[in-house]
**Q** 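Dumping the structure here so I can ask a few things about it.
Basis for what follows: all heavy atoms, side chains included, without hydrogens, waters or symmetry-related copies. To find a chain, count down the sequence lines: A is the first, B the second, and so on, and within it residues start at 1.
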Amino acid sequence: MSKPTPQPDLPPQFDPASVESDLYKEWLDAELFVADPNRSRRAGGDREPFVIVMPPPNVTAVLHMGHGLNNTVQDVLIRWRRMAGDEALWVPGTDHAGIATQNVIEKQLAAEGKTRFDIGRDAFVERTSKFVAETGGTILEQLRAIGASCDWTRTAYTLSPELSRAVREAFVLLHERGLIYRGHRVIHWCSRCLTSLSDEEAEHTEETGNLYYIRYPLTDDPARTIAIATTRPETMLADVAVAVHPDDERYRDLIGRTVTLPIANVEIPIIADSIGVDPEFGTGAVKITPAHDANDFEMGTRHALPMPVVLSPEGMMANGADADSRVPADLLGADRFEARERVVQMLRHAGALVKIESHSHSVRHCYRCDTVVEPRLSDQWFVKMKPLAEPALEAVRARRIRILPERWEAVYVNWLEGIRDWNISRQLWWGHRIPVWYCDACSHVTVSRDDPPACPRCGSTVRQDEDVLDTWFSSWLWPFSTLGWPDTRSVDLKAFYPTDDLVTAPEILFFWVARMIMGGYAFMGETPFHTVYLHGTVRDMQHVKMSKSLGNGIDPLDVRALYGTDALRYTVIAGLGMGADVMLDPNDLEKSFSPGRNFVTKLWNIGRFLLTNVGSETVRPLASIDAARLRRADRWILGALNAAIAECDAALGPARPRNGVWNQSELRAGLRLSEYTESARRFVWNELADWYLESTKGRLAAGGPDSEVARAVLAHAFDAALRLLQPIVPFITEVLWGRLPVADEARGRFIARAPWPMRDDAFGPDAEFELVREAINGIRQLRADYSIPPGDRINASLDIGAAGRNAARDQAIVTEEAAFISRVARCDVSVAQSPETGATILLSSGSRIIVPLAGVINVEKECRKAKTELERLEAQLASLNGRLSNPGFTDRAPAHVVEAERAKQGEWTMRRSQLAEKVMSLCGS
RNA sequence: GGGCGAGUAGCUCAGUUGGUUAGAGCGCCUGCCUUACACGCAGGAUGUCGGGGGUUCGAGUCCCUCCUCGCUCACCA
């Protein structure tokens with residue numbers, strides 16, 4: 001809490017590299033980011049908790065722009081609420097990422113010419129753990145580098161002992177509630193990863209393939225055939241029936257008879273099924289392959305058909321369960337796609353191939369390795385989702401949770417309404433082993449939180465289920481498992497659950513967000529968060545998603561090295577419209593990040609000016625300055641500051657719903673980060689720097705009591721501006737704020753913990769300073785219009801002889817501000833009793849400024865300009881008059897609108913007469 | 001195929017319940033190294049708000065329709 005020691009000797013250039021690391025370390029040493037549960041209102045403290053749990057990056061991940069964007073957004077929100085006085089907690093962590101991490105290690109093994117089966121399960125898991133222990137912290141270190149203000153004392157990992165305990169608890173609880181079951185059915189199978197996948201992990205891709213028409217001869221009348229159509233002819237070897245629609249005239253007499261399956265040479269029946277057969281598609285007859293198609297499985301179950309398997313787990317032709325010798329010897333071991341070609345050849349030779357049509361259909365691919373997914377009959381563990389989905393739907397419908405942007409809410413509801421059971425078992429080695437034990441002696445199945453030493457029924461040895469759980473089975477517990485669940489006495493859980501905002505990309509809305517909501521209700525009885533903020537994707541200039549494999553990525557650390565973390569953060573936040581994608585050019589970092597770099601430089605230079613000109617002597621607090629001593633520029637900038645604070649607050653919106661339910665007016669409000677950024681930018685750049693700062697130069701140089709006022713206002717306004725900007729650009733604001741010569745013991749050491757700016761409604765728009773700005777702008781425009789060299793000074797007269805409304809007041813203002821106008825517009829101002837001819841600047845107050853510009857002014861040009869302006873004004877005024885004389889408008893439009901139009905009418909009418917006068921004097925007619 | 005969204009300045013996007021002369025950033029043009037800043041300052045140009053129709057005193061905003069993109073779900077074999 002030491003008094004700041006101002007160091008006005010700021011280097012001319014901000015050098016992020018030289019300060020960022022040290023600053024971050026200071027923040028950590030001061031424990032600025034460590035949350036204290038006892039300060040949370042829920043645990044008896046006096047602060048509102050504000051909690052975000054980080055979407056845990058894969059433990060093997062290295063930072064890319066997507067992480068950069070995601071975590072910057074979260075950091076902005078956390079830093080904002082931390083300043084606003086909340087007990088802010090941002091929980092960081094990583095995900096063990098089952099398939100993804102296993103793939104990484106398998107690739108390493110492949111490079112050594114080995115597979116995971118060569119080294120065995122234990123060695124594989126050990127090796128993976130070691131790899132994770134050595135490299136797993138990388139991405140979290142990188143997040144520190146971009147300023148993430150996480151509470152690192154709470155860093156979590158989905159495969160840690162604590163979270164593994166939560167996973168077991170969740171599994172057992174669901175099992176006890178009858179929501180987990182073992183199912184025998186067709187699931188999505190990745191023949192490269194050798195595991196089953198959930199519906200969400202098998203992604204659709206629209207592809208153009210072939211539709212093969214094949215005819216099967218009737219067993220007792222081989223001359224007669226029935227044709228079917230299929231996209232996967234190799235699976236015909238596992239056909240067990242041909243299904244037709246019962247009402248289909250074409251096949252009615254065939255129902256109940258049998259056909260002989262070519263190649264496999266087995267006899268299969270023709271059956272009728274009204275649910276699974278569309279008479280309009282293909283030939284109206286469908287081959288039924290229960291073991292290799294989810295639909296056919298359903299039909300096979302309905303008709304109690306056998307389910308032979310002809311593909312191995314690796315996707316090669318094989319005579320599996322119930323297949324006998326359906327696959328001929330020369331096809332055994334053939335890859336499924338090769339087999340497809342060969343089966344077609346064989347059918348062609350046998351005269352069974354009718355035709356091949358091009359066919360567009362969607363094919364599912366493994367979301368991790370892009371291999372075409374094979375439907376496969378197997379035993380898996382499932383979670384019944386319908387009962388879990390109900391409260392998750394209700395939460396959104398009852399506005400306990402809002403999803404931003406709005407359009408994703410419909411997607412969420414749509415998905416939950418049609419939800420299907422979740423396959424949670426994976427035939428992998430890296431992950432949480434399923435807590436189920438089998439007794440081979442008595443067939444007893446034990447589902448347990450703890451490893452059972454023996455079968456509880458017969459005492460024999462038990463063996464644990466070989467499978468592991470879907471990675472997302474640990475992720476969906478994240479908002480409470482990271483806070484100590486299942487230990488319900490956990491102080492963190494009490495103080496910080498439910499959390500507040502969940503910030504992520506729409507891609508994992510179903511994988512993760514929806515499941516977390518279901519998990520929150522299932523295990524905590526409460527929503528895990530009240531706001532879901534789905535931000536866009538980082539793309540290149542061709543709108544292609546950035547990715548390392550495509551080579552169009554940007555490394556945030558490269559940007560940091562070039563322009564600094566603040567420039568990176570500012571650029572992505574400023575460019576982030578609600579739900580919009582962020583476009584960046586990986587080939588031109590200079591151009592992509594110029595908004596951030598330019599802004600940071602500007603801020604630095606404002607700071608340099610301020611600290612140099614304000615000096616190192618402690619500035620008096622604004623509150624101690626008599627309001628009567630404030631000049632109009634002071635009042636103006638303080639009004640502008642209030643407007644800026646109001647705009648930022650409005651853009652950020654309410655931090656949480658009142659009483660746990662969003663009201664309609666706040667449901668879609670807030671988290672408009674680009675608007676917040678723009679408001680803060682406009683204030684500090686276009687108002688503070690462009691106008692106020694300029695206005696103080698003379699006053700500061702003059703010294704005396706008035707300079708004391710200017711110093712106080714400057715410091716006050718800049719202090720507030722820095723605090724508005726701290727969440728976006730935490731490093732540079734920390735450096736500048738720390739050097740402001742302000743004496744306030746309550747101020748604290750770090751801006752990161754300083755209070756969020758509050759409005760002071762004593763100051764609003766200031767019409768008097770606006771008049772000064774108008775005068776300056778008018779003179780600048782004349783300069784440009786007549787190409788008056790910057791070196792030339794001009795003379796201007798304020799015409800007080802004109803019939804202006806406020807001539808006397810305007811005279812007083814302009815006389816008083818003459819020095820400022822003169823310096824900024826490079827123009828000498830005097831007050832004239834009788835106007836000379838010259839360029840005329842009309843002021844909105846009704847006064848005007850005459851600039852003679854002898855020898856320069858082009859009367860003809862000035863006349864033309866005035867005439868054009870007059871014409872335009874008259875047209876607009878005519879339409880306005882028409883509107884105001886139309887009863888339809890005056891009667892039906894809201895009163896305030898009509899009033900505004902009337903006021904405008906008065907202004908325009910006056911301006912028209914002024915303009916007419918101007919035209920008269922210039923054009924002489 | 002179901003559901004949803006988008007088309008506004010050269011590019012990326014704002015535009016809140018219909019109501020002043022439709023805005024910002026980047027880019028572009030002109031002039032300036034004015035003692036904080038050329039990563040800057042001052043000035044400037046550019047829009048039949050995708051096409052067509054409708055409702056209204058008034059439409060970028062609401063309705064219909066068409067065109068073009070995009071997202072998302074889906075058991076057309």
**Q** Considering only atom C1', compute the distance from C66(B) to C73(B) and round it to an integer number of Å.
**A** 26 Å
**Q** Between protein and nucleic acid, restricted to nucleotides 5-13 of chain B and to nitrogen or oxygen atoms under 3.5 Å apart, what atom pairs and distances do you find?
**A**
{"from": "U12(B)", "atom 1": "OP1", "to": "His543(A)", "atom 2": "NE2", "distance (Å)": "3.2"}

**Q** Show the distances under 3.5 angstrom between N or O atoms of the protein and N or O atoms of nucleotides 75-77 of chain B.
**A**
{"from": "C75(B)", "atom 1": "OP1", "to": "Arg420(A)", "atom 2": "NH1", "distance (Å)": "2.5"}
{"from": "C75(B)", "atom 1": "OP1", "to": "Arg420(A)", "atom 2": "NH2", "distance (Å)": "2.8"}
{"from": "C75(B)", "atom 1": "OP2", "to": "Arg364(A)", "atom 2": "NH2", "distance (Å)": "2.6"}
{"from": "C75(B)", "atom 1": "O2'", "to": "Asn295(A)", "atom 2": "ND2", "distance (Å)": "2.1"}
{"from": "C75(B)", "atom 1": "N1", "to": "Asn295(A)", "atom 2": "OD1", "distance (Å)": "3.2"}
{"from": "C75(B)", "atom 1": "O2", "to": "Asn295(A)", "atom 2": "OD1", "distance (Å)": "2.4"}
{"from": "C75(B)", "atom 1": "O2", "to": "Asn295(A)", "atom 2": "ND2", "distance (Å)": "2.7"}
{"from": "A77(B)", "atom 1": "OP2", "to": "His359(A)", "atom 2": "NE2", "distance (Å)": "3.0"}
{"from": "A77(B)", "atom 1": "N6", "to": "Asp278(A)", "atom 2": "O", "distance (Å)": "2.7"}
{"from": "A77(B)", "atom 1": "N6", "to": "Phe281(A)", "atom 2": "O", "distance (Å)": "3.0"}
{"from": "A77(B)", "atom 1": "N1", "to": "Asp278(A)", "atom 2": "N", "distance (Å)": "3.1"}

**Q** Could you state the CD-P distance from Glu647(A) to G15(B), rounded to the nearest angstrom?
**A**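 Interatomic distance, CD of Glu647(A) to P of G15(B): 14 Å.
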**Q** Using atom C1' in both nucleotides, what's the gap between C39(B) and G27(B) to the nearest angstrom?
**A** 16 Å
**Q** Whole angstrom is fine here: how far is it from CD in Glu409(A) over to C1' in G3(B)?
**A** 14 Å
**Q** Identify, with sequence neighbours excluded, every residue that meets side-chain hydrogen bond (donor to acceptor under 3.5 Å, both in side chains) alongside Tyr676(A).
**A**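 Partners of Tyr676(A) under the side-chain hydrogen bond (donor to acceptor under 3.5 Å, both in side chains) test: none.
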**Q** Could you tell me the separation between the CD atom of Glu507(A) and the P atom of C73(B), rounded to a whole number of Å?
**A** 11 Å
**Q** Within the 4.0 Å heavy-atom criterion, would you say Phe510(A) contacts the bases, only the backbone, or no part of the nucleic acid?
**A** sugar-phosphate
**Q** Only counting residues at least two apart or in another chain, list the ones meeting salt bridge (Lys or Arg N to Asp or Glu O under 4.0 Å) with Arg302(A).
**A** Asp273(A)
**Q** What nucleic acid atoms does Trp408(A) come within less than 4.0 Å of, heavy atoms only: base, sugar-phosphate, or nothing?
**A**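 Sugar-phosphate, backbone atoms only, no base.
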**Q** With heavy atoms under 4.0 Å as the rule, sort Asn886(A) into base, sugar-phosphate or nothing.
**A** sugar-phosphate
**Q** Please indicate whether Glu874(A) has more than 12 foreign heavy atoms, meaning atoms of other residues, nucleotides or ligands, lying under 6.0 Å from its CD.
**A**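 Yes, enclosed.
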**Q** With sequence neighbours left out, what residues match Glu298(A) under side-chain hydrogen bond (donor to acceptor under 3.5 Å, both in side chains)?
**A** none
**Q** With a cut-off of under 6.0 Å to the ring centre and 45° to the axis, is Arg780(A) in cation-pi contact with Trp691(A)?
**A** yes
**Q** Between G7(B) and G54(B), how many Å separate the two P atoms, rounded to a whole number?
**A**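 It comes out at 23 Å once rounded to the nearest Å.
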**Q** Using a cut-off of 4.0 Å between protein heavy atoms and nucleotide atoms, how would you tag nucleotides 17-25 of chain B 5' to 3' with B, S and -?
**A** --BBB--SS
**Q** List the residues meeting salt bridge (Lys or Arg N to Asp or Glu O under 4.0 Å) with Arg402(A), not counting sequence neighbours, and say none if there are none.
**A**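 Per chain and number, Arg402(A) pairs via salt bridge (Lys or Arg N to Asp or Glu O under 4.0 Å) with no residue.
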**Q** Treating primed atoms plus P, OP1 and OP2 as sugar-phosphate and everything else as base, which nucleotides of nucleotides 32-44 of chain B get B, S or - for protein heavy atoms under 4.0 Å?
**A** --B-BB-BSSSSS
**Q** Pairs counted as Watson-Crick or G-U wobble with both distances under 3.5 Å: what dot-bracket string results for RNA chain B, using | for bases tied to another strand?
**A** (((((((..((((.....[...)))).(((((.......))))).....(((((..]....))))))))))))....
**Q** Please verify the inter-ring angle class for Phe510(A) with Trp415(A); under 30° counts as parallel, over 60° as perpendicular, anything in between as tilted.
**A** parallel
**Q** Taking the basic N atoms (NZ, or NE/NH1/NH2) and the acidic carboxylate oxygens, is any pair closer than 4.0 Å for Arg681(A) and Glu678(A)?
**A** yes
**Q** For Arg407(A), enumerate each residue passing the salt bridge (Lys or Arg N to Asp or Glu O under 4.0 Å) test, keeping only those at least two apart in sequence or located in another chain.
**A**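 For Arg407(A) there are no salt bridge (Lys or Arg N to Asp or Glu O under 4.0 Å) partners, ignoring immediate neighbours.
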**Q** I'd like to check the side-chain contact (heavy atoms from CB on, under 4.5 Å) partners of Ala721(A); sequence neighbours left out, ordered by chain and number.
**A** Phe683(A), Val684(A)
**Q** Can you name the residues that form a salt bridge (Lys or Arg N to Asp or Glu O under 4.0 Å) with Glu675(A), not counting sequence neighbours?
**A** Arg672(A)
**Q** Between G15(B) atom P and Arg672(A) atom CZ, what is the distance in whole Å?
**A**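 About 8 Å, once rounded to whole Å.
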